[in-house]
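The chains referred to below are lettered A, B, ... by the order of the sequence lines, with proteins before strands, and numbering in each begins at 1. Side chains are part of it too, since the values below use all heavy atoms of this structure and drop only hydrogens, waters and symmetry mates.
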Amino acid sequence: MILKKNPAKVLFKLLKPGKKYLVILLFILQIFPLHAQYAYASPKAKRVGYLQKEQPGIYGDKLTLNVKNEKLVTVLEKIEKQIKFIFVYANDDIDVKQKTSVTVSDKSLQDILKLLLIPLGINFTIVKDKIILQNIIQKSPLAAGSDGKTIRSDKTVTAETKYFLPITGKITDENGSPLQFVNVIVKGTGTGTTSNADGIFSLNIPDDKLKGTLVLSLVGFITEEINIAGKNNFAVTLKAVSKDLADVVVVGYGTQQKISVSGAVDAIGKKSFEGRPLTNLSTALQGVSPNLIIQQRNFEPGQRVNINIRGLGTLGDNTPLVVIDGLVGGDINLLNPVDIENISILKDAGSAAIYGSRSANGVILITTKKGKKNSAPVVRYSGTYGIQAPRITYKPVAAWENAYYKNESLNNAGLSPAFSPAQIQQFKNQGDGDWRVDNIFQNAPQQSHNVSVSGGGVNNTYLLSLGYLDQKNNFIGPNYGYKRYNVRLNQSNDIGKLKVNTILSYAKVINKDQPFDASTLIVDASRVPLYYSFKDSSGNYLTNPVSAQYNPKAILENGGERNSNNDEIFGNFSGEYAINNDLKIRGVFGGTVGSNATFSAQKTLNFTPGGAFAPDRPIYDENSKSLFTNVQLLAEYNKKIAENHTLKVLVGASNESFKIEASRVQKTFVDPNLGVPTTGTIVSTLSYNSVNGTTETSLNSLFGRVGYSYKDRYFLEGNARYDGSSKFAKDKRFGFFPSGSIAWRVTEEEFLNNVKSRVGDIKLRASYGVLGNQNVNAYQYQTTFFNYDNAYGFNNNVVGGSGYSLGNPNLTWEKAATFNAGLDAGLFKGALSFSIDYFNKTTSDILYPRLDIPLLFGAGSPDFNIAKVRNKGWEAKGSYNLTGKNFKHTFSFNVADNLNKLISLASGATEFSQQVEEFALLRRVGQPITTYYGYRSNGYFQNLNDIKNSPNFVNRIVSPGDLKFVDKNGDGIIDEKDKFILGNHFPRYTFGFTYNVLYKGFDFSAFIQGVGKRDAMIRGEQVEPFHFGYGGTMYTHQTDYWTPTNPNAANPKIAEAGSPSNANNYRTGSDRFLFNAAYARLKNVQFGYTLPAKYLTKLKAKSVRVYFTAQNLLTLSKLTFLDPEITEFDNNTTIRGTGANSARAYFMPVFYGGGIDISF
Amino acid sequence: MKMINIFKTFVMLMGIVVFQSSCKKLDLAPKDRFSELNFWQVDANVNNALNNVYNSIYTSTNVFYNEAMSDNAVSKLDVNTGANTIGNGNFTIDLARFRNDWAFYYSGIKSCNLFLENIDKNTTLPMATKNRMLGEVKFARAWHHFNLMKWWGAIPLLNKDITPEQAQIIARNPKADVLAFILSELDAAAVALPSRDQYAINDNGRITKGAALALKARVLLYEGNRMAEVATVCEALINNQSANGNYSLAASFSDLFSDKTINKTNNESILSLQYVPNLRMWGDYFDFAPISEGARTNNLSPTQELVDSYIMLNGKAINDAGSGYADSALSVNRDPRLSATIVYDKYLWTKPNGTSVTIYIKPGSTIAPAPNSNEFSTSGQGTATGYYWRKYWDPNYVGTLNNGTNIHLIRYAEVLLMYAEAKQTLGQLDATVWDKTIKVLRTRAGFTEATALNFPGTLNLQNIVRNERRSELAMEGFRIDDIRRWNIAQIVLNGWMHGAKYGDVGVDNGFIRAQFRNFDPTKNFLWPIPPSERALNPNLTQNPNY
């Protein structure tokens, strides 16, 4: 036999169909001579027969093999070193120089060979001590007419000997980066391989699996199954398991595996902020986490917002503690949203107790981005540009209509008309003036640009990020706006067992503001009837009888400006030293240096015919500097005891100290051009120096955490903190705040294996603990006497005075006992995941002034630890992935509710009401903390008979068309006793909904945020036509009012201020002022396109995405004339944003624009 | 063994941690304030505490806006003062004004009581100084009690500082007890205090012996049935000036309120709220003046009823036969105090720089280049009645009509008027008394005709004396007190308050209706005790019919 040339060719010539025995025989014959002649490729070939006694290792001994990109021949040699077999093959049949990678451990020889050889298209047969290799794919063409399939199946000597089809593919993650080490298995077979560093895999598919399925799996990614369907080239994207139970979550003073978290912690990834034209992080948080409630008091650039977790738990400050990269004390609003890696919201005692005395309102842990080890530098640019258009929510009626309504209002009050029919006709003929609020607003651009470089070596990582935001103000005038510059450098270095981490950031904010209170400008511009214009034909700024003092357009254009210029430097240096595998110690030193400066100068403006702005030319400089320092020392001990027990212990101590020094110089009658002192300049008494402007606080703490888990199935955790605060007297200073929590991964139980495999993972959690709140002003425990200037005058000279503030030496912490129960589920292989939590928090010892002291005591009460509030609620969030053929949809939602109830208010006193202009706010035990309080209307008096027969206030004169009020106690008269609780100002049923869809390179997302239930009481000209004589106009939303022919109108009869009808309808606090402020708002829409790989190489870029983005495009609400999002309350439950409840707040901007993300 | 070592290391680390945390001190005291322990020992602090008592004695807002409770004025916007609401009777008992005034006076009393109870902690001030201070503070405490009694009748009398717990149970003292306390305190103050002439010039503005006596006269006058005592106290002030202080009328009625020097250095002022230009000022004129003269709005407008009360130069009331009055020439031959008090249509307004401008108020009457912003209109920020104020106009105002002039709380003219009223009530007002009182006032005002200056005889004398008081003291907050104690509030506060004759002739003779008033004599002579106070102190009873 002349086999040397081409043994197969010769062999096949001999084959005939149907002669199977011959084939087998020949096959066997073929091997031995081959071996005899060609087996010298194997170094051990000469030892044939050397080890024949036993055959271990085939099914017995386990082997380990770890090779990467090595020649097959080398791999074979490695195997030979471990076993007593030799490989036998023909050099021209098997390409032993081809490179391969395989990582297996503890596998039988058979398994290893399958993994190694099958993907390479090599079959193997073990005969005694030899492993015979043979190429599966025949290199010679089939003989004419022959059926290769049959033949090859006939020649099978092992189970794997089949017809094989080679396939290849590339596996990438969602960002297009190749994924290595992905296991690729043909379902139902042992055939498989792993992807290489470029994400490429190649595999030979057994012929009977050509219609089979490929299973691609990698830890941290959702396993994909792909129909082979005869194709031979695949491009697969694996999606990271975002809700994977293997995720790591940032918690207080450390991180935890998500599976072991037993408290209520919500992790928000950077995804939530990407592609949105965000101006600060706090507004970015709106709607992204259930019961993380963000409210604004107006929408002006640079304004602060109310951040609240799980509703109101105290009558004092409800602001959560913000911790940035492990340090308390930074300003959330100065962060660049682009720099955020993730945010953890600690909502319950189980997670927050480690922050002790300041954790009762929840904790927001912010972690910034870092570089990755072993990665080449990545340069990333992202930018957005767009236009903000003010959303003006109301419109005055035309001038001639206004004159008509005014006459009616006067007439209804028994007064003579103000306009003759001829005048009204004249207004109609000449059209409207331009004095309207729209004309002091304009569209304004907003842009942001961010560049970062990140990467790392074997022992270090780095990230340098630069950001720039420029948000112009919508007010007309000389370029008002808000600018922020951010620089961040995050670095880490491993020096042996020591890990050093350095974070440095710098933020600068420059806000150029209009020179005067925005709500006054807005109200002056909006309640003047359209008979008037801002300017006359010769360009003079005018005033008119309704706005006799100010011309807001003139003030905005020429009235001066207010500039704030704030800097913050944040530094965080930490060193972590691993004493051994189990024990680490960490020292952290960090702090924040803040320097804020505001300069304001108003310029005198005189208007025609009268009125003036800033006749005294006031100017002020306000400067403050603050230093916050934080020293922490922590020790962490983690130990796996036996196989199933894990113990984790953390103890730490810290000091946090804060000092702020502020001063202010205020002058009037300065030089009108330069602002410098000149003849007549007066230093105002509002000036103060740093002695008056200094506050200092300090907090010493010990804290710790013990965690224990069994089989990753049961988790127990305890947290505690011991705080000593300078805000309280010596013996009231220290507080202990413990918590405990448990978690049970139900589906890890063996008896629920079935559920786990069919449905998914379910975890139950519960926690209970006591949290503290010390958000009170410093020094309150001491009675103090303060001097003030200009108390009185004698002989035309001023003298100073002394006042006093009573202290309460017994002042101490507020304590919030919090119970939380929750459930986490990841179902259908992670396609659906959700969490549900219920909480019940009772805050006692709430600091509140005593309300049981009559005013005749003669002095205000200091705070006492007296009130008590219970706050209950729930939250749910979830996400669902739906992957179709071309489309990938992600739906995520969150919804939450909270409702607080005042359990006790003040020693003895069960209610307190505060009049806010027309209506009242009430604090009453048994009700939510702050409720709206007033009379309930009951339609209108329709006729005199109706008036005679309906209850009314004593002595009050009413007429048809006036509001009737409900006689609550049925005593026939309306008085104090007939007031109702009308509503609750705090949002309930808050929700967020996000929809994402990917189609090829296109992506679309929509984010809707809203409030399901909220009441707002609103006063002012938007509610009352011709508001109280201050306002001169009616608005289009007010024209449906009572007349004898319109008896069921939306509004009562219009009547002049001072008239009995006006007193009854508009000076009496009733539900007339109550509005439904529930809303749903399309917060963000994005439509993007990611460039395919083929263009990227030309651009030398790693990825490029361009997108259109819009904010606040649509709003659904019954409240139309005022933005439903804004609130008049601050986080202390006190009224602060008076523009909000009078519809005089800066309007919400609607943003339209685009952005681009490029990385190189 | 290994485990034990690890444990040892762990414990050691914890020790370091604890040590490290105990280093920072937590006793932080404010640096800008005194504590109870060291406050009173410092003389300057005692002076400052006394100044604080002065600071809270009264407010400019109450002086002026109380006029809107009476028939002298209306307050269109009625922001925060509640005066209008009280005036038109349309209030509920939880009106903030009641609470605010109640709290204001009681907080003033607390400052007084704290001062009186702590001054002995100071051992360095001279005894004479301390005695004088005690006199000043006792006066202030009596003043606050008097104001409380005036509005509410019987009230809790606080002759010492009380605790919160006492405040929860203290009851109202009978009015007679409160009255007796006020009178005895004023007597004590009068003894302790120097007369105005005995004070050093730098103390100008302090409470004097004269002030204590004058307030005593007012307290007695308001009782209505103690006129003989009123007369006696007034006589002490009029006739014994060497002991009680030299007082006389300022030469110019107008300068007393508007001239920056005379306002502060006259012999007429017995007690004034003291202001200092630029440093301590009052800003109410921003809402009083004609709009063209720098006002923001007009929130206190004089009524036609007040305007009509000014007599003619011949001494006759405008509706007396032969008065010579015509609506069309409203200001002609009128009491000069009318134009010193009120701005009417075509008023010749003197600007701070000495030039004049005509104030056109009648709708559509403006003759350019005069501004038309002062015209009466039912819309807009101008006057609600067709009149503006002039009294207390400060031509040296700062910025947005901020004034540094003093506001008189007690002046010698009032003493003369009290004396005349007391004597009239006693049936003793004769030509001698007339010449010492009303004649002097009218002469100073600028009357020259004998028919106005000479004693008119006893016919209608009560009205003449009362009207004199109204004309002299308009815009100083007295009218509401007077119509209550004269028992005429239910008459004059009933129906429409009017403005100028710019209206429909068919309605009220063409005088514009400014505001409807209603006064319920069964209860409105006293204010209701704030219901919130009664809720916290069950021993506080309510006034009748509230």
Side-chain angles (χ1 to χ4, degrees), chain A residues 406 410 415-416 418 545-546 548-549 579 583 585 609-610 615-616 633 635 637 651 653 655 657 682 691-692 694 696 698 700 702 724 726 733 779 782-787 790-796 798-803 852-859 915 955 976 1028-1029 1032 1058 1063, chain B residues 6 13-14 17-18 20-21 24 26 28 30-36 39 45 48-49 51-52 54-55 76-77 89-90 94 96 102-103 106-107 109-110 156 164 167 201-205 264 274-276 278-280 291-292 296 371 373 377-382 399 503-504 515 533 536-537:
Chain A
K406 181 71 188 184
L410 290 164
L415 300 167
S416 330
V546 181
Q549 188 190 1
I579 292 172
L583 181 61
I585 54 167
D616 56 350
L633 190 56
Y637 177 72
V651 289
N655 170 268
S657 296
I682 297 161
V691 179
N692 303 92
T694 300
E696 213 177 339
S698 192
N700 287 342
L702 291 174
S726 66
R733 181 168 290 163
Y779 315 131
Q782 310 166 62
T783 291
T784 53
F785 291 81
F786 56 88
N787 286 326
N790 304 337
Y792 205 65
F794 292 118
N795 202 37
N796 217 21
V798 285
V799 291
S802 286
D852 60 329
I853 308 175
L855 291 168
L856 69 88
F857 172 64
Q915 198 70 23
N955 288 347
E976 264 305 278
F1028 210 179
Chain B
I6 289 170
L13 283 173
M14 275 190 66
V17 159
V18 172
Q20 181 257 349
S21 80
K24 196 83 185 182
L26 297 174
L28 301 173
K31 288 172 181 160
D32 57 342
R33 277 168 267 178
F34 289 95
S35 78
E36 280 172 300
F39 178 77
N45 289 348
N48 280 345
N51 297 340
N52 189 49
Y54 273 96
N55 174 273
K76 179 172 60 178
L77 304 171
N90 230 335
D94 58 349
W102 176 272
Y106 274 112
S107 109
I109 290 169
K110 186 167 199 78
I201 186 82
N202 281 340
D203 286 323
N204 183 13
K264 307 213 168 192
Q274 303 279 311
Y275 293 91
V276 179
N278 292 320
L279 297 171
R280 179 175 148 77
I291 300 297
S292 65
R296 160 176 62 186
S373 50
S377 159
T378 44
S379 60
Q381 304 303 327
D504 182 349
Q515 204 148 61
E533 288 291 273
L536 299 176
N537 178 341

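Residue A/I682 holds its CD1 atom at 7.0 Å from CG of B/L279, rounded to the nearest 0.5 Å. Note: B/N51 CG to A/N790 CG = 11.0 Å, rounded to the nearest 0.5 Å.
With a 4.5 angstrom heavy-atom cutoff, A/L856 touches chain B via backbone and side-chain atoms both. Of the two parts of A/E696, the backbone and the side chain both hold a non-hydrogen atom closer than 4.5 Å to a non-hydrogen atom of chain B. A/A791 touches chain B through backbone and side chain together, each having a heavy atom under 4.5 Å away. For a residue to count as touching a neighbouring chain, one of its non-hydrogen atoms must lie under 4.5 Å from one of that chain's; by this rule B/P164 touches chain A with backbone and side chain alike. Proximity to chain A (any heavy atom under 4.5 Å) is shown, for B/Q381, by both the backbone and the side chain. Residue contact with chain A, scored on non-hydrogen atoms closer than 4.5 Å, involves the backbone of B/K76 exclusively. Proximity to chain B is absent for every atom of A/T694, based on heavy atoms less than 4.5 angstrom apart.
Across all their heavy atoms, B/I201 and A/N795 have their closest contact at O-CG, 3.2 Å. The nearest pair of heavy atoms linking B/A167 to A/P854 is O-CG, 3.1 Å. Minimum interatomic distance between A/F786 and B/R33 (heavy atoms only, all atoms of both residues): CB-CG, 3.6 Å. When all heavy atoms of A/V798 and B/R280 are compared, the closest pair comes out as CG1-CB, 4.1 Å. Contact between B/F39 and A/N787 at its shortest, heavy atoms only, is CE1-OD1, 4.5 Å.
Among A/S802, A/G724, A/S726, the residue with the largest count of heavy-atom pairs under 4.5 Å with chain B is A/S802. When the candidates B/D504, B/N537, B/D94 are compared by the number of heavy-atom contacts under 4.5 Å with chain A, B/D94 comes out ahead. Each of B/Y275, B/W102, B/Y106 has some count of heavy-atom pairs under 4.5 Å with chain A, and the biggest count is that of B/Y106. Ranked by non-hydrogen atom pairs under 4.5 Å with chain B, the options A/G610, A/A548, A/G793 are led by A/G793. In terms of heavy-atom pairs under 4.5 angstrom with chain A, the leader among B/N48, B/D203, B/V276 is B/N48. Considering only heavy-atom pairs separated by less than 4.5 Å from chain A, the leading option among B/G399, B/G382, B/G503 is B/G399.
With hydrogens and angles disregarded, no donor-acceptor distance shorter than 3.5 Å links the side chain of B/N52 to the backbone of A/G803.
A heavy-atom distance below 4.5 Å is not found between the side chains of A/F794 and B/N202. Using a 4.5 Å cut-off on side-chain heavy atoms (C-beta onward), A/N796 and B/N204 make no contact.
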